[in-house]
Amino acid sequence: MSDQIVDVAAGLILRSDGKLLLGQRPEGKPWAGWWELPGGKLEPGETVLQALARELDEELGIQVTEATRWVTYVHAYPHTTVRLAFCRVTGWKGEPRGLENQRLEWVEPAHAQTVGELLPATLPPLRWLRLPGVYGISNIGTPAGLPGFLARLRTALDRGLRLVQLREPGWPDGPDAHSLHQALAQVLQHCRSAGARVLVNSVHPEPWWREADGVHLRAADAAALAQRPLPSEGHWVGVSAHDPAQMAQARRLDADFAVVGPVAETASHPGQPALGWQAFTEINRDAGLPAYAIGGQGLHTVAAAQQHGAHGIAAIRGVFGS
């Protein structure tokens, strides 16, 4: 394997109906016949988005009008190591055409393998596309607060929320402790009726993680683990990260995503200094997995977060209100 890393910009060209464009590598190229995301190598002095725009013009004949950085991922092939800067492309002029004699297909990301063999480095972003853009974190507080929260949850689900975390570290101990498990059952019922997933924060018992759709690990809990705490089949693992070392730990655990912040000050963590967008970008730069921004976020900040490389936003009040 070569020690040299080749920097590549790769585009996930997404139509408004959710379909993704794949291209088949033509004869005469390595991995001929395999399917991949369009893109190519960065030239000296180019930014990722500049290289992506040039490659998509040369390769497909389209002019990019809307694109954002997403996830940077390193993949080792037998003779080359590539650092892939995956970008989401949501606006362009022209109709994609195979200008390098490659076949093109629009596919449903969840069923992309029906076109044929996919390059190995193409598989992770297809998995990440399953993640919704908004991650809601619960704020029930006490047993008395459950009816109000369920009403807010139903409203959020009706608006399209599809990923929820049960996180209730302040739930009262004593006689009311068991009632949080009952609350989880009601949250699961509402979410599953809407096709939404529920993760349980690692502050809560591990058996609950398996009853739900996975776990969200606090940074300290992630640091104590040597391997992913749940099998990947059917369960997701999220990890909180506040610095590059914690993000690296999330990657070692093969987490499905990280939550990075707080980007701005937040009432749920008073006194915790805000990272700001520059630090968020640095933590996320070579993460190798999608990251949600948290801290001062809400539905109105999703686009801004994605401009800074976030997959989307995570929030309590910004999703459910107070």
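A salt bridge links Arg103 with Glu105; the closest basic N to acidic carboxylate O contact falls under 4.0 Å. A salt bridge does not link Lys19 with Asp17: every distance from a Lys NZ or Arg NE/NH1/NH2 to an Asp or Glu carboxylate oxygen is 4.0 Å or more. Ion pair Asp57/Arg54 not flagged as a salt bridge, since none of the NZ, NE, NH1 or NH2 atoms sits closer than 4.0 Å to an Asp/Glu carboxylate oxygen.
Using the six-membered ring where Trp is involved, Trp128 and Phe86 have ring planes that are perpendicular, over 60° apart on the 30 and 60° scheme.
Between Pro125 and Leu12 there is a side-chain heavy-atom pair separated by less than 4.5 Å. Contact annotation: the side chain of Val215 never approaches that of Trp208 to less than 4.5 Å [non-hydrogen atoms, C-beta and beyond]. Put simply, the side chain of Leu22 does not reach to within 4.5 Å of the side chain of Glu36, judged on heavy atoms. In this structure the side chain of Asp286 never reaches within 4.5 angstrom of the side chain of Val74, judged on heavy atoms. A heavy-atom distance below 4.5 Å is found between the side chains of Tyr292 and Pro132. Residues Ile313 and Val134 have side chains in contact (heavy-atom distance under 4.5 Å, counting atoms from C-beta outward). Contact check for Val198 versus Leu184: side-chain heavy atoms found under the 4.5 Å cut-off. Looking only at side-chain heavy atoms (C-beta outward), Trp236 and Asp213 stay at 4.5 Å or farther from each other.
When every heavy atom of Arg162 is checked against every heavy atom of Gly195, the shortest pair comes out as CD-O, 3.7 Å. Residues Val89 and Gly11 approach most closely at CG2-CA, 4.3 Å, considering heavy atoms. When every heavy atom of Leu84 is checked against every heavy atom of Ala10, the shortest pair comes out as CD2-CB, 4.3 Å. The minimum heavy-atom distance between Gly18 and Pro109, with the atom names listed, is O-CD, 3.4 Å. Summarising the geometry of Glu211 relative to His181, their closest heavy-atom pair is OE1-NE2, 2.9 Å, with the distance given to 0.1 Å.
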(message) As a quick check of understanding, evaluate side-chain contact (heavy atoms from CB on, under 4.5 Å) for Val6 and Lys41, giving each step before the final call.
(response) CA-CA 7 Å; Val6 178; Lys41 299 177 185 176; 3.8 Å; yes
(message) Checking Arg154 against His190 for the side-chain contact (heavy atoms from CB on, under 4.5 Å) test, could you report, in this order, the C-alpha distance in whole Å, the side-chain angles of both residues, the deciding distance, and whether it holds?
(response) CA-CA 7 Å; Arg154 286 192 296 269; His190 285 289; 3.4 Å; yes
(message) side-chain contact (heavy atoms from CB on, under 4.5 Å), that's the test. Do Gln24 and Trp34 meet it? Break it down for me.
(response) CA-CA 6 Å; Gln24 188 179 36; Trp34 291 61; over 6 Å; no
(message) One pair to check against side-chain contact (heavy atoms from CB on, under 4.5 Å): Leu225 and Arg228. What are the steps and the verdict?
(response) CA-CA 7 Å; Leu225 293 172; Arg228 183 183 174 97; over 6 Å; no
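Grouping the Ile, Leu, Val, Met, Phe, Trp and Tyr side chains by contacts below 4.5 angstrom, directly or via other members, places Leu131 apart from Val239. At a threshold of 4.5 Å between side-chain heavy atoms, the hydrophobic network of Ile, Leu, Val, Met, Phe, Trp and Tyr places Leu21 and Val64 in one connected group. Both Leu180 and Trp209 are assigned to one and the same hydrophobic cluster, defined by single-linkage of ILVMFWY side chains at heavy-atom distances under 4.5 Å. Residues Leu56 and Val8 fall into different hydrophobic clusters, defined by Ile, Leu, Val, Met, Phe, Trp and Tyr side chains chained together at heavy-atom separations under 4.5 Å. A chain of hydrophobic side-chain contacts below 4.5 Å, direct or via other Ile, Leu, Val, Met, Phe, Trp or Tyr residues, connects Leu150 to Val200.
Remark: the backbone N or O of Gln182 is not paired with any side-chain donor or acceptor of Ser179 at under 3.5 angstrom. Of the possible polar contacts, none joining the Arg83 side chain to the Asp7 backbone as a donor-acceptor pair under 3.5 Å is found. The main-chain N or O of Gly91 is found under 3.5 Å from a side-chain atom of Thr65 such that the two form a donor-acceptor pair. Side-chain N or O atoms of Arg210 include none that pairs as donor or acceptor with a backbone N or O of Pro207 at under 3.5 Å. Under a 3.5 Å cut-off, the side chain of Ser138 and the backbone N or O of Leu166 do not form any donor-acceptor pair. The backbone N or O of Ala222 sits less than 3.5 Å from a side-chain atom of Gln249, completing a donor-acceptor pair. In this structure a side-chain-to-backbone donor-acceptor pair under 3.5 Å is present from Thr72 to Arg285. Between the Arg97 side chain and the Leu104 main chain, no donor and acceptor come within less than 3.5 Å of each other. The backbone N or O of Glu55 lies less than 3.5 Å from no partner atom in the side chain of Glu58, so there is not a single donor-acceptor pair. At distances below 3.5 Å, at least one donor-acceptor pair connects side-chain atoms of His204 with backbone N or O atoms of Glu168.
Rounding to the nearest 0.5 Å places CD1 of Ile5 at 6.0 Å from OG1 of Thr81. Rounding to the nearest 0.5 Å gives a distance of 10.5 Å between CG of Leu153 and CD of Gln186. With values rounded to the nearest 0.5 angstrom, Glu66 atom CD is found 12.0 Å from Leu14 atom CG. One distance of note links CH2 of Trp171 with CD1 of Ile140; it measures 5.0 Å at 0.5 Å rounding. Taken to the nearest 0.5 Å, the OG1 atom of Thr68 stands 8.0 Å off from the CG atom of Leu49. Between the CZ atom in Arg25 and the CD atom in Gln102 there is a gap of 10.0 Å [rounded to 0.5 Å].
Between Tyr135 and the choices His311, Gln165, Gln297, the side-chain hydrogen bond (donor to acceptor under 3.5 Å, both in side chains) rule is met once, by Gln165.
Aromatic ring centroids of Trp31 and Tyr77 lie under 6.0 Å apart.
Other residues, nucleotides and ligands contribute over 12 non-hydrogen atoms within 6.0 Å of the CD atom of Glu100. Arg159 CZ: 12 or fewer foreign heavy atoms inside a 6.0 Å radius.
A donor-acceptor contact under 3.5 angstrom links the side chains of His216 and Ser240, judged on distance only. Side chain to side chain, Arg69 and Asn284 fail the donor-acceptor criterion of an N or O pair below 3.5 Å. For the residue pair Gln278 / His308, no side-chain donor-acceptor distance below 3.5 Å is found, with atom types taken as modelled.
Grouping Ile, Leu, Val, Met, Phe, Trp and Tyr residues whose side-chain heavy atoms lie under 4.5 Å apart, directly or via other members, places Met247 in a hydrophobic cluster with Val260, Val263, Leu275, Trp277, Phe280, Ile283, Leu289. The hydrophobic cluster containing Leu42, built from Ile/Leu/Val/Met/Phe/Trp/Tyr side-chain heavy atoms closer than 4.5 Å, also comprises Val48.
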